[in-house]
Amino acid sequence: RWRRSPGPILVAAMTTSLPEKPTLDGLEAKWGRVWDEEGTYLFDRSATREQVNSTDTPPPTVSGSLHVGHVFSYTHTDTIARFQRMSGKKVFYPMGWDDNGLPTERRVQNYFGVTGDASLPYDPTWQPKHRGNAPKDREAISRRNFIELCEELTTEDEKVFESLWRRLGLSVDWTQTYATIDKNSQRVSQRAFLRMVNRDQAYQLEAPTLWDIDFQTAVAQAELEDREQPGAYHRLAFHGADADVFIETTRPELLAACVALVAHPDDERYQPLFGKTVRTPLFGVDVPVKAHPLAQPDKGSGIAMICTFGDTTDVTWWRELQLPTRAIIGRNGRILADAPEGVNAESYAHIAGKTVKQAQAIVVEQLRESGELIGDPKPITHPVKFYEKGDRPLEIVTSRQWYVRTVLDRDALITRGREVTWHPAYMRTRFENWVEGLNGDWCISRQRFFGVPFPVWYRIDEHGEIDHTDAGRILASEESLPIDPQSHTPPGYTEDQRNKPGGFTGDPDVMDTWATSSVSPQIVGRWEDDNDLFKRVFPMDLRPQGHDIIRTWLFSTVVKSNAEHGVAPWANAAMSGWILDPDRKKMSKSKGNVVTPMAMLEENGSDAVRYWAASARPGVDTAYDTGQMKIGRKLAIKILNASKFVLGITNGAPTSITQVTTPVDRAMLARLSALVEEATAAFEGYDYARALERTETFFWDFCDNYVELVKGRAYGAQGPEAASSAHATLSAVLETLQRLFAPFLPFVTDEVWSWWRTGSIHAQSWPKVSDFLVDGAPVAADLAVYDVAIDVLGWVRRAKTEAKRSMKTAVTLLAIIDTPSRLASFGEARADVCEAGGVAEVSLAESDVASYIATLAAPDDAA
RNA sequence: GGGCGAUUAGCUCAGUUGGUUAGAGCGCUUGCUCGACACGCAAGAGGUCGCAGGUUCGAAUCCUGCAUCGCCCACCA
């Protein structure tokens, strides 16, 4: 088999030798190392705010499993960061690790087989007995031992994440990393908290709170989700002075906690009862009948029992109607041991200590016996509130918690949201829906171990009572942060006064994970610790995140920024979509269809995976699609081969677009300029997918049509000047395409760039329309020359294909019938078309309708 | 109950202010080893643009209603 090798002259003139057989293998390791060594992505902190583009990178939960969705959305952000960098911005692109909160605690519990117990003393010599595969029965250890394990494990997890991100080619500045539990983050969270307390934007309150009985902590409205659950309407008889009143309830076990009945003020059926009392069945408590507009006449019997507390409506009624409290559910979800005052102790004794579920069965049985249950319970399914990570329904218990004001600031928060440009724009509606639907302030305290503590102590009076009032509260000074009130001593006290009468006690709670994540811009910008840096990066340019956490992370960040700075925290918020199974269902672990990201990268190559991710338009849910990755891989290989070929012809020699003289080449240059304009506009609108798609389409056309068209001329078939025009055009297009692809395919583009240029392509400038001006003006070009040339070349190809003949078959005569204008355009490209198509002779004829007749050489002639 | 998306070829999706025969890739069919690339090249088949009305010279695109799917929110006795 004959194959021509590159001539010695070409090789000698090469600035860099081209590989004989280019490959994608090993590019991730090779270029990842170079970028790291050369500091390609380091932030230049001497830049002013105007010169900076800053990204508020989402800190992934390191204790969670690595998911394909991470790779997907972080790639989107990376393409934008790379575009900004090439556009001349000093890019501030940090990386955070969310090692805060419950996911970490859970993972530590399972991994080491331990459980935290605040009552145990710290044991510095203690060592875990298990690492992975820990048994179910867990060893209780002190809070501090537990936290040490959290830190140990998250450090390991962070390494796994970082290696994945590097492999994926994120252009993160790896000197700018943070963890949501590190000292800096703790200091920023605590400082932001203290300032909100001092401005009365945060406050402590003992009140009914949504409570997870398994995690034994308060949870916030934002962490709730509804789940359809089976239940049943139980019709109960309350005893009035004249007659029984019937209510329907799904929670008969709360009967002992009933404090009133309520009906709508306009409900004539119950108006006579308002102001009177009725006696509860079984427990024999006299409760008032009240009127309230929230009561719905068409629901159940139209009159409801108010318990403390069955749901959030109960809390509203209880507060607005100023009802007494008769709590019966404890923090562990079991019925309290002692009956509330006035409740029949004998009946109560049956349910004391039982779970809610057990208590319900017992109460129903007792009601049945007493005849106060009317008929059989009617089964229904209804939505019940759950903590999003929980397994049992939430209860409402009274507890002391810290809150951040949000309800009163609704208007300001909406305004802040409108200062942000949303991508896609309709996502803003979700934010506004959420803000408008707020029904309480944001509860930020959690009764957990691993998290940022509240920098607060409380005085203990001489009777041993903790003083939670303003006077009794001791706030840490900002200079002392971060502090842990469990191990640090407040000013004016000594450690031996801890938890003693006349002494002090530390706030036992930690902040909700979102209370820390919500200051991510302040954390990465080192607010108050390095205000010189902060003012160069804040407010930030971009918050990328998933649309599922608009009500949590996005919302809470706006709350904090509004409270502290009075501005929106960023100019743009870009929402990425979900990753779905190939069958369009949301990917889930339980279905066993989760692909590990590292395996995905290794199998397909990072550029290919990035191509798949970047092909999805902003905010759109996307199927996991290896087919799309294969296309990306083919594209990357094509870039290798096309670059090798073009550089083989042009020698990699420097060229100038002033050498572009041939009409076909001028048309190509004009098209290239239009591409740059379009790709730039797309990127500026955060539509990376569009920029990629346009560039890709252009590239394949360039390879299949333009290169084929000018190949002969580039080899010198039409003389040196015509060849030089082709060389200059090929070089300009190749260089521009390499740059345009760089944000998407960073590995292969830096590889091909290195074949003929020095420095990383990622440090080069993004192409500009002004790059294609000659003497200050766009290149004079007739775009039709290229279009007609490609049309005619297509006809020649079709004729050969339809005849099932090889593309090298000669065309003895090509008759072109077309409009005068197109025939004229063809004349400008005639030599290239004939060369590329193997056309010996052309005849032209005018007509309004384009057509052609191609006469192919006889098969024998080909030989 | 309120809101937001989506619905275009077998599959995954473009279609940017309404404008000539609706596009791409994958898959499929038929061919082709021309001086880069078989992880390639060429050509081809394949769609009444969810349904029903309306506006317009002209609608995948604008308006109204409906259907299906998905998501967000909701005080759910």
Side-chain angles (χ1 to χ4, degrees), chain A residues 1-7 18 21-24 226 228-229 231 233 247-251 254 261-262 294-296 299-307 310-317 380 382-385 424 426-434 436-437 439 547-548 550-551 577-578 580 582 584-586 615-617 619-623 625 627-628 630-631 633-649 678 681-682 685 687 689-690 693-694 696-697 700 703-704 707-708 711-712 715 794 796-809 836 838:
Chain A
R1 191 163 62 176
W2 183 85
R3 191 183 278 271
R4 183 178 294 192
S5 57
L18 300 174
K21 178 83 180 164
T23 175
L24 298 176
D226 286 350
E228 283 290 332
Q229 296 289 310
Y233 279 129
I247 64 103
E248 296 198 357
T249 179
T250 56
R251 300 206 59 184
L254 289 177
L261 296 191
V262 65
L294 273 184
Q296 294 176 37
K299 201 154 251 173
S301 59
I303 185 163
M305 70 172 184
I306 303 174
C307 304
D311 60 28
T312 51
T313 315
D314 278 346
V315 178
T316 305
W317 280 325
I380 54 159
H382 62 152
V384 175
K385 287 198 188 306
Y426 61 77
M427 289 294 181
R428 196 189 76 200
T429 310
R430 296 201 184 178
F431 173 77
E432 296 191 356
N433 276 355
W434 174 253
E436 282 158 5
N439 56 23
H547 55 67
D548 53 321
I550 288 174
R551 67 175 181 171
W578 289 106
L580 309 172
R584 311 299 300 166
K585 297 279 182 246
K586 191 179 160 187
S615 301
R617 304 195 112 67
V620 176
D621 293 347
T622 302
D625 185 357
Q628 197 67 8
K630 288 197 174 71
I631 296 164
R633 186 169 177 85
K634 286 182 182 180
L635 173 63
I637 291 168
K638 190 78 173 179
I639 289 171
L640 286 177
N641 286 310
S643 297
K644 179 193 164 198
F645 179 62
V646 167
L647 294 176
I649 292 179
E678 195 171 12
D687 194 349
R690 185 184 187 82
E693 191 247 2
R694 294 307 147 109
E696 183 189 11
T697 301
W700 285 99
C703 290
D704 296 341
V707 168
E708 293 303 323
K711 198 184 260 185
Y715 275 119
V796 171
R797 287 166 168 169
R798 190 185 306 160
K800 294 176 183 179
T801 299
E802 283 173 353
K804 300 195 174 181
R805 300 284 298 279
S806 156
M807 282 298 131
K808 68 184 174 191
T809 306

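Here the structure is a predicted model, which means the values were calculated and not measured. Quick note on labels: first sequence line is chain A, next is B, and so on, each numbered from 1. Values reported hereafter were calculated over all heavy atoms of this structure, with side chains retained and with hydrogens, waters and symmetry mates removed.
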Could you check whether the side chain of A/E708 and the base of B/rA36 have a donor-acceptor pair of N or O atoms closer than 3.5 Å, going by distance alone? yes
Of the listed B/rA77, B/rG44, B/rC71, the closest approach to the A/R798 side chain comes from B/rG44
Could you check whether A/D314 gets within reach of a base, just the sugar-phosphate, or nothing at all, counting any heavy atom under 4.0 Å? nothing
What nucleic acid atoms does A/R428 come within less than 4.0 Å of, heavy atoms only: base, sugar-phosphate, or nothing? nothing
According to a strict under-4.0 Å criterion, is A/R551 in side-chain N/O contact with OP1 or OP2 of B/rC73? yes
Nearest-neighbour nucleotide for the A/W434 side chain, B/rC75, B/rA77, B/rC73 considered: B/rC73
Using atom CG of A/L294 as one end and atom C1' of B/rG1 as the other, report the distance to the nearest whole Å. 15 Å
For atom CE of A/M807 and atom C1' of B/rA42, their distance in whole Å: 4 Å
Sticking with atom C1', work out how far B/rU8 lies from B/rG3, rounded to a whole angstrom. 26 Å
Pairing partner of B/rA67, by Watson-Crick or G-U wobble and under 3.5 Å for both distances, is B/rU7
Mind checking A/C307 for me? I need base, sugar-phosphate or nothing, with any heavy atom below 4.0 Å counting as a touch. nothing
Could you state the atom-to-atom distance from CZ of A/R633 to C1' of B/rG25 in whole Å? 18 Å
When the nearest nucleotide of RNA chain B is assigned to A/I380 and to A/R797 on a heavy-atom basis, which residue is associated with the more 5' position? A/R797
Should A/K644 be listed as having a side-chain N or O under 4.0 Å from OP1 or OP2 of B/rA36? no
With nearest nucleotides of RNA chain B determined for A/T697 and A/T250 from heavy-atom distances, which residue corresponds to the more 5′ nucleotide? A/T697
How close or far is atom P of B/rC26 from atom CG of A/L635, stated in whole angstroms? 12 Å
Any A/K21 side-chain N or O less than 4.0 Å from OP1/OP2 of B/rA38: yes
Counting side-chain heavy atoms from CB outward, which of B/rC71, B/rA36, B/rG35 is closest to A/Y715? B/rG35
Using a 4.0 Å heavy-atom cut-off, does A/A295 contact any base of the nucleic acid, only the sugar-phosphate backbone, or nothing at all? base
Select one nucleotide: of B/rA36, B/rA42, B/rC4, the one nearest the side-chain heavy atoms of A/D704. B/rA42
For the atom pair CD (A/E228) and NE2 (A/H382), what is the distance rounded to the nearest 0.5 Å? 8.5 Å
Rounded distance in Å between the P positions of B/rA9 and B/rG2: 31 Å
Rounded off to whole Å, could you give me the CD-to-C1' distance for the A/Q296 and B/rA74 pair? 11 Å
Say you draw a straight line from CZ of A/R251 to SG of A/C307; how long is it, rounded to the nearest 0.5 Å? 8.5 Å
Tell me which nucleotide, if any, is Watson-Crick or G-U wobble paired with B/rG1 when both distances must be under 3.5 Å. B/rC73
Under 4.0 angstrom between A/N439 side-chain N/O and B/rC75 OP1 or OP2: yes
Closest of B/rA36, B/rA14, B/rA42 to the A/T801 side chain is B/rA42
Could you work out the separation of B/rA42 and B/rA24 based on their P atoms and round it to a whole Å? 13 Å
Atom NZ of A/K634 and atom P of B/rA36 are separated, to the nearest Å, by 19 Å
Interatomic distance, CD@A/E678 vs CD@A/E693, rounded to 0.5 Å, equals 8.5 Å
What is the distance, to the nearest angstrom, from the CD atom on A/E436 to the P atom on B/rC73? 14 Å
Separation of the C1' atoms in B/rA52 and B/rU68, to the nearest angstrom: 15 Å
Distance check, P atoms only: B/rG15 and B/rG5, in whole angstrom units. 15 Å
With heavy atoms under 4.0 Å as the rule, sort A/R251 into base, sugar-phosphate or nothing. nothing
Reckon A/T429 touches a base, only the sugar-phosphate, or nothing at all at heavy-atom distances under 4.0 Å? sugar-phosphate
From CG (A/L18) to CZ (A/F645), nearest 0.5 Å: 12.0 Å
Restricting to salt bridge (charged side-chain N to carboxylate O under 4.0 Å, His left out), what partner residues turn up for A/E432, sequence neighbours left out? A/R418, A/R428
Got a second to check how far A/R797's CZ is from A/T809's OG1, nearest 0.5 Å? 13.5 Å
Side-chain contact check for A/S806: nearest option of B/rA77, B/rC37, B/rC32 is B/rC32
Side-chain contact check for A/K808: nearest option of B/rC34, B/rC37, B/rA77 is B/rC34
Ranking B/rA74, B/rC41, B/rC71 by distance to the side chain of A/D226, first place goes to B/rA74
Can you check the distance between B/rA45 and B/rU29, where both ends of the measurement are the P atom (answer in whole Å)? 16 Å
Which nucleotide wins on minimum distance to the side chain of A/T312, given the candidates B/rC75, B/rU30, B/rC34? B/rC75
Between B/rC11 and B/rC28, how far is it from one C1' atom to the other, in whole Å? 12 Å
Taking a pair to mean Watson-Crick or G-U wobble geometry with both distances below 3.5 Å, B/rU56 pairs with none
Rounded to the nearest angstrom, tell me the gap between atom CH2 in A/W700 and atom C1' in B/rC26. 13 Å
Rounding to an integer number of angstrom, what distance separates B/rA67 and B/rC32 when you compare their C1' atoms? 49 Å
Checking A/D226 now: which residues fulfil salt bridge (charged side-chain N to carboxylate O under 4.0 Å, His left out) with it, not counting sequence neighbours? A/K385
Nearest to the side chain of A/Y233, heavy atoms from C-beta on, is which of B/rA77, B/rA14, B/rA36? B/rA77
Between atom CD1 of A/I631 and atom OG of A/S615, what is the distance when rounded to the nearest 0.5 Å? 8.0 Å
Touch class at under 4.0 angstrom, heavy-atom based, for A/K804 against every strand present: sugar-phosphate
Considering every strand and a 4.0 Å limit on heavy-atom distances, what is the contact class for A/T313: base, sugar-phosphate, or nothing? sugar-phosphate
What is the pairing partner of B/rU48, taking Watson-Crick or G-U wobble pairs with both distances under 3.5 Å in any strand? none
